[in-house]
Structure formats: structure tokens, C-alpha cells
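Given the structure is predicted, the values throughout are model-derived calculations rather than measurements. Lettering follows sequence order; numbering is per chain, from 1.
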Amino acid sequence: MARQFILQTDDDPTLDQMQIPYAEELNAQQLDVVTFGTGASLVVAGAGTGKTRTLIYRVAYLVESGVAPEQIVLLTFTRRAANEMLNRASGLLDGRCRRVRGGTFHAFCLRILKQYASKLGFPNNFTMLDASDSADVIDVVKTSSGAESKEKRFPRKRTIQSIISSARNKGRSIQDVVEVSYPQFVDFTPQIETIFEAYETYKKVHGLMDYDDLLLYTLKLFSQEPGVLREVASQNRHVLVDEFQDTNRAQAKLVKAFSSVFGNVMAVGDDAQSIYRFRGADFQNILSFPDEYVGTQILRLEHNYRSTQHILDLANHLLDSAKRKYEKRLFTDRAEGDLPALVPAPDDRFESRFVSQMILQFRDQGIPLTEMAVLFRNGHNSYDLEVELNKKNIPFVKFGGLKLAEAAHVKDILAHLKVVENPQDAIAWNRILQLLEGVGPKTAGRIIDWVESNGGDQFILEERPFSASYIGSLRALFSTLRAVKKGEASCAEQLEIILEYYAPILRRVYYEDYPKREQDLEHFVGLSHTFTDRGNMLSSLALDPIELTAIDQQPEADDEPPLVLSTIHSAKGLEFKVVFLIHALDGVIPSGYSVGDAEAVEEELRLLYVAVTRAADQLFISYPMVQFRQFDGQYFANPSRFLANISSDLLEPCTLVEQTENVLPASDTIQQIADGSPNDAGTANLPF
DNA sequence: ACAAGCAGTTTTTTT
DNA sequence: AACTGCTTGT
């Protein structure tokens with residue numbers, strides 16, 4: 001090892017000269033993290049141990065010790081998390097903290113690539129592909145590369161996209177991924193490999209990048225251009241990484257690269273909360289961190305401030321049953337509170353009525369809706385509940401599930417913007433051309449070829465190698481694109497131009513439900529005022545998608561702050577006083593797709609752990625006993641295998657009973673009734 | 001030859 | 001709700 005010379009910093013303020021009384025506001029472990037000096041550190045932080053709070057104080061501390069805020073990089077999992085942290089840090093100290101750079105790995109890489117794209121042979125106006133755009137590229141190259149087989153079992157475009165993405169994220173070969181995760185398609189491995197190569201070429205030719213490219217091309221840029229690496233890394237005096245257990249190989253390498261000049265990295269994570277294995281995350285990154293950074297200090301946060309002992313007991317029990325043991329035992333000083341409740345409901349409807357009634361009841365007791373959350377494994381698990389909440393006029397926001405930019409009509413208008421931004425973007429062209437009457441895949445392809453070879457990027461139609469049946473619509477399209485491109489119009493104005501052109505198309509294509517979609521688009525235009533330029537807006541929407549339901553809530557801003565509905569994945573890092581976990585069925589959690597793969601089932605168990613540890617005071621786990629399916633009608637569903645055989649000291653089984661006595665005429669309330677003796681191990685009352 | 005419409009299947013989780 | 005395969009219509 002090279003000799004180290006330590007520079008004395010005697011004029012920097014000491015702890016007691018700082019504005020914030022760190023020693024008073026933090027416990028000893030937290031203070032160690034916050035005041036950590038230079039070099040590499042790994043913070044192993046259990047759920048609810050004040051990890052976010054500690055990071056915020058760390059940022060404030062660094063700023064107070066004289067580090068320029070713009071030299072601090074805070075990498076988080078969502079932009080929501082980054083903004084929240086920086087806002088809180090600003091509240092703690094002052095506005096300087098807002099100048100801290102940060103966001104997701106993808107967003108951070110995008111900013112670098114927008115600067116240096118040309119060094120990689122990409123135009124700097126390259127456009128982003130989301131997962132379904134990527135699948136569309138695959139659809140195109142599948143046919144043109146002749147790899148497609150007429151056999152029935154050829155994988156769908158979405159599946160091929162997942163295979164390719166998985167291989168790239170895990171740094172493995174296509175063959176490996178197919179053999180391990182998609183054994184049913186082993187026979188098609190050569191074709192998938194061909195498609196993969198064609199896919200990579202296609203993106204290069206058309207100036208397109210997918211999510212994985214943002215990470216991988218940034219790494220490529222760094223290895224190809226050491227000067228760029230030095231330039232970027234020398235701006236990062238301190239690198240802080242949240243949720244390190246959910247980073248993949250590429251992200252771990254990026255952290256190394258970002259910190260390669262100063263060597264000051266702090267990675268914070270919890271191996272027990274790793275829930276993104278499916279997209280290449282590897283919690284081994286935590287375990288190998290000390291090997292990667294010689295001299296790493298390992299710091300721990302173990303004191304849970306969030307949950308009652310009962311909730312922690314259940315959480316600890318779940319981890320105990322994991323095959324791979326996590327050396328973690330959370331403890332708290334908090335009073336015991338109520339036992340977590342396991343509530344079987346006869347069916348979906350009962351479950352929804354139960355949850356919504358309990359929510360109203362807690363609200364009457366003074367708990368604001370925002371302090372409560374309903375969590376579920378899949379985005380669609382909450383459909384029935386959403387109907388019930390609407391009926392009862394309970395406002396809610398939903399995180400996870402369909403995103404605004406993923407809705408077909410929004411993708412349509414965004415595709416018009418993309419074409420103006422990057423006329424090479426054949427996928428966007430394809431989308432907007434097929435909206436024209438009389439234009440299908442073949443004709444769209446021919447027009448795209450024409451655009452590429454005839455400078456159609458000026459959107460001028462002179463000759464007409466086109467059929468009369470659609471030349472009119474094509475003219476209208478081109479003149480719209482010219483109008484969008486020409487003016488110095490704002491994003492919102494550009495969208496208005498497109499919308500005016502698109503309105504009749506919307507009505508024709510989505511004749512069944514266009515009013516709803518029109519509303520979405522209007523909200524979307526309103527929202528676009530926050531963006532300054534087109535390129536920025538397009539990439540922001542791809543990287544930090546806005547939830548579709550978040551938009552419905554906007555107009556009535558002074559309404560009661562809403563209840564949170566969220567997939568467990570999207571609830572990461574959040575906490576609530578009251579948590580309902582619904583649809584806790586076997587086949588839902590663990591997902592039916594995971595059974596058979598022990599590692600995948602383990603991840604589902606961690607997912608349940610994450611859900612349970614979101615709760616501070618009250619936890620209700622419910623499931624419908626009967627499920628409906630399209631063809632075989634009703635069938636009985638089993639509760640999650642993770643909840644079977646849990647002692648009633650940890651998770652209290654409860655029953656739901658329909659109210660029989662009519663206290664109120666139109667009462668359809670569900671009444672919780674003690675079944676048998678009060679201390680009977682089998683059942684219990686819920687506090688009505 | 002190609003588009004459009006219909007019927008039947010298939011759907012995790014996210015940047 | 002979206003994708004695939006099939007049939008019909010231009």
C-alpha cells in the first residue's frame with residue numbers, strides 16, 4: 001500500500017462549533033456514521049433504524065465541515081427519495097444542501113452521457129427507450145434479422161427483452177440466463193443471441209438508449225476515456241449511496257469509478273431488504289464491499305425507532321425462517337402495542353370493505369390518512385379496493401402499477417415529441433405512423449426507410465411515393481411536426497400543438513374510453529409546465545415516471561392529504577403508523593413465478609419483511625379465501641406459505657363477521673366479533 | 001399485399 | 001389491458 005499523508009484541517013469547525021447539535025439529536029451509532037471522516041465506509045442499517053435521517057444529517061455535517069455541496073453526490077433509488085432527503089437536509093441546515101448533486105444511478109449517468117455521447121458514437125440528442133419501447137425494437141429486429149422461428153413456442157418480445165436485460169444487468173451471457181431462468185427456451189438460444197446483436201446495432205444506428213445502456217455506456221466511457229473519468233470523479237469529493245443492497249454489478253462498478261479520485265464512499269444498506277434480484281441486484285455487493293475498498297470501516301445501525309416490539313418480533317421471526325441467515329436482530333424501546341393481525345376475508349369485496357372501514361375508523365381516532373398505507377405485491381391487487389375507496393370518498397395516491405408515461409395515449413403524444421427531438425428514433429416514428437388510418441407495420445416501415453434516406457427529418461413531403469389513401473394524413477402529421485420543431489414554443493405549447501392534431505386520432509383509436517384518456521392528456525399538459533426543454537422533459541419522464549393516479553389527485557390540492565396505496569417495492573424506505581398488507585396469498589407473495597427457484601422464494605420472503613417493517617404501530621395482514629378466475633370460476637386460495645404456522649403470539653388470527661343486527665338501516669358494515677372465549681388461541685377481536 | 005377487426009390467451013416487482 | 005393469431009375486407 002502506498003503511504004498516506006494526512007492533511008491537518010485545524011481551521012475546520014469542530015462538532016461543538018456547528019449549528020446542529022449532532023450529539024444531542026443522534027444516538028451513538030448514528031453519530032459515528034454522521035461524523036465519519038474520509039475513506040470508505042459501509043453502513044449496515046436494519047429497517048427503521050433511522051437510516052434516512054442519518055444520511056440527511058451526514059449531508060448537513062459534511063456541508064458544515066466545509067465541503068462544497070456540489071462536491072457531494074447522493075445516489076438514491078428514486079428521485080422522490082433524493083428530493084425528500086435534500087429538502088429535509090435544507091430544513092435542517094440551509095438552502096446550501098439543495099445544491100448537493102444526486103438522484104438515481106440512471107439519471108446521474110444520463111447527465112454524464114448527454115455531455116459525452118459523441119465519444120461513444122451517439123448523437124447527444126439520443127432518446128430513451130422504456131421497457132416496452134425496447135420490446136418494440138426487438139419486434140422490429142426479430143423479423144429483419146430473420147431470427148424469428150415459426151415455431152409456436154418462440155418467446156414473446158417482452159420475454160426476449162427481459163432475457164437480454166437480465167444478461168446485461170448480471171454481466172452474464174444470454175446462454176447462461178436462458179439456461180438458468182428460461183429453460184423452456186433453451187432451443188432458441190442462438191436466435192435470441194442473434195436478436196441481441198441486432199438489437200444493440202439498431203440502437204446505435206438510431207440514437208437510442210435503454211435503461212441498461214445508461215449504466216453500461218457510462219462504464220464504457222470511463223474505461224475508454226480515462227480523462228473523462230478523472231474529470232467526473234474529481235467533482236465527487238464525497239459519494240453517498242443509499243439502498244446499496246439493491247445495486248447491481250454495473251452500479252457497484254460505477255460507485256467505484258465515481259469515487260476513484262477522492263476515495264470517500266459511504267454505502268448504506270441492509271442485506272435483509274434486498275428485493276431487486278430480478279433486475280440484477282446482488283446483495284453480495286454489500287458483502288464484498290470491504291474487499292473492494294481496502295480499509296473500509298463497517299458501521300452499524302441497529303436501534304429501531306419505528307415499530308412496536310410486536311411488529312419487530314414478527315419481522316425477526318420472518319428473517320429466522322430464511323435459509324440464508326441474516327445476522328440481524330432489531331430491538332426497540334417502544335411499547336408493545338397490539339399484535340399484528342392476520343385477517344382472512346371471505347373474498348376480495350370483504351377484504352376491501354374491511355380495509356376501508358378500518359381506515360375510516362383510524363381516521364376518526366385522529367390518525368391522518370397519509371400516516372396509513374395499504375401495501376400489496378402486484379399493482380393490480382388493489383383494483384377492488386380502489387373502487388371501494390372511491391365509493392367511500394377516501395382520497396388516495398397509488399405508487400407502483402401503471403405509470404403515466406406508460407399509458408398508450410401518453411406514449412402516443414410523447415412519440416411525436418421524440419421524433420422531433422431525434423428524427424432517427426425509428427421506434428417513435430413507427431408508433432406515430434401506425435396511428436394513421438391505412439398505415440400498418442409494412443407501410444410504416446417503408447415510410448421510415450424513406451425518411452431515413454431522403455432527409456425526411458425536416459418533415460417536408462415533396463415527392464409522393466405514397467398511396468393516396470393515407471397521403472392526406474401523412475401531410476397533416478408532417479405539418480404538425482414542423483410546427484412543433486419550428487417555434488421557440490415551451491414544452492406545454494409544443495404538447496398543445498400535438499394534442500390538437502392528435503385529438504381526432506385518440507377518439508378513433510380509443511373510441512371505447514377516450515374521455516378518460518383526454519382528461520389524462522390535459523393533466524399531462526398542465527404538468528409539463530415544470531419542464532424547461534423538450535429533451536429534458538423526455539428523459540425525465542423516462543427515468544422518473546409520474547404515477548398515473550397521482551395526477552387525478554392534483555386538481556383538488558387543498559383536499560385532505562391522501563391515503564397511500566403502494567406495491568411493496570415502491571414502499572421501500574417509507575414508514576406509516578398503520579399498514580395493511582392485502583392479498584397475502586400463496587402464489588401472490590411468494591409470487592407463483594418464484595416457486596421452484598429457492599433464491600427467488602427467499603427474495604419474496606424479504607419482500608414480506610420489507611412490508612412488515614413499514615409499520616410503526618399497527619399491522620393488518622389480510623387475504624381473500626376465495627379467488628375468482630376467468631374460466632375455472634371460484635377456487636379456494638391459501639394464505640402465504642410464509643404466514644402458515646406462525647405462532648399466534650406473533651401474529652394474531654382474527655375473523656370477520658358480517659353485522660347481523662341492523663343498527664343503521666343501510667348498514668353493510670363488517671363487524672368484528674369475538675369467536676369463542678376471549679383468550680382462545682384461535683381468534684381475537686379487532687378494536688372496534 | 002396489407003390493414004383492421006375479432007377472439008382467445010397471458011399478465012410480477014422497476015430504472 | 002395488451003399481445004398473438006386468425007379471418008375478413010380493401
*What orientation do A:Tyr217 and A:Phe122 show, parallel under 30°, tilted 30 to 60°, or perpendicular over 60°?*
perpendicular
*Is there a stack between A:Tyr593 and B:dT12, judged by ring centres under 5.5 Å and planes under 30°?*
yes
*Atom CD of A:Gln273 to atom C1' of B:dT14: distance rounded to whole Å?*
17 Å
*Which residue lies more 5' along DNA chain B, comparing A:Asn378 with A:Ala542 via nearest heavy atoms*: A:Asn378
*asked:* Can you tell me if A:Arg249 has over 12 outside heavy atoms packed within less than 6.0 Å of its CZ?
replied: no
*Is the phosphate of B:dT14, meaning OP1 or OP2, less than 4.0 Å from a side-chain N or O of A:Thr567?*
yes
*From C:dC3, B:dT12, B:dT13, pick the nucleotide closest to the side chain of A:Phe278?*
B:dT13
_Spacing between A:Leu543 atom CG and B:dT15 atom P, to the nearest angstrom_ = 10 Å
_At 4.0 Å (heavy atoms only), tell me whether A:Phe105 reaches a base, stays on the sugar-phosphate, or touches nothing._
nothing
_A:Arg172 CZ: over 12 foreign heavy atoms closer than 6.0 Å_ = no
*What is the distance, rounded to the nearest whole Å, between atom CD of A:Gln161 and atom P of B:dT11?*
15 Å
*What salt bridge (charged side-chain N to carboxylate O under 4.0 Å, His left out) pairs are there with at least one residue in residues 100-117 of chain A, not counting sequence neighbours?*
none
*What nucleic acid atoms does A:Ser594 come within less than 4.0 Å of, heavy atoms only: base, sugar-phosphate, or nothing?*
nothing
_Cation over ring face, A:Arg614 and A:Phe576, 6.0 Å, 45°_ = no
*Given atom CG of A:Asp139 and atom P of C:dG5, what is their separation to the nearest angstrom?*
10 Å
_Side chains of A:Asp425 and A:His206, donor plus acceptor under 3.5 Å_ = no
*What is the distance from CD1 of A:Ile138 to C1' of C:dT4, rounded to the nearest Å?*
17 Å
*Give the nucleotide from the list B:dT15, B:dT14, C:dC3 with an atom nearest to the side chain of A:Tyr276.*
B:dT14
*Summary of side chain to side chain donor-acceptor pair (under 3.5 Å) pairs that have at least one residue in residues 435-444 of chain A, sequence neighbours excluded*: none
*Write down the distance between CG (A:Leu216) and P (B:dT15), rounded to a whole number of angstrom.*
18 Å
*Rounded to whole angstroms, how far apart are NZ on A:Lys170 and P on B:dT14?*
17 Å
*How would you label the contact of A:Gly592 with the nucleic acid (heavy atoms, under 4.0 Å): base, sugar-phosphate, or nothing?*
nothing
*Verify the contact: side-chain N or O of A:Thr78 to OP1 or OP2 of B:dT14, cut-off strictly under 4.0 Å; return yes or no.*
no
*Quick one: A:Phe399 CZ to B:dT15 P, roughly how many Å, whole number?*
12 Å
Between the protein and nucleotides 3-5 of chain B, list the N/O to N/O atom pairs that are separated by less than 3.5 angstrom.
from, atom 1, to, atom 2, distance (Å)
B:dA3, OP1, A:Gly440, N, 2.8
B:dA3, OP1, A:Gly440, O, 3.3
B:dA3, OP1, A:Thr443, N, 3.0
B:dA3, OP1, A:Thr443, OG1, 2.4
B:dA3, OP2, A:Lys442, N, 3.3
B:dA3, O5', A:Gly440, N, 3.3
B:dA4, OP1, A:Gly438, N, 2.5

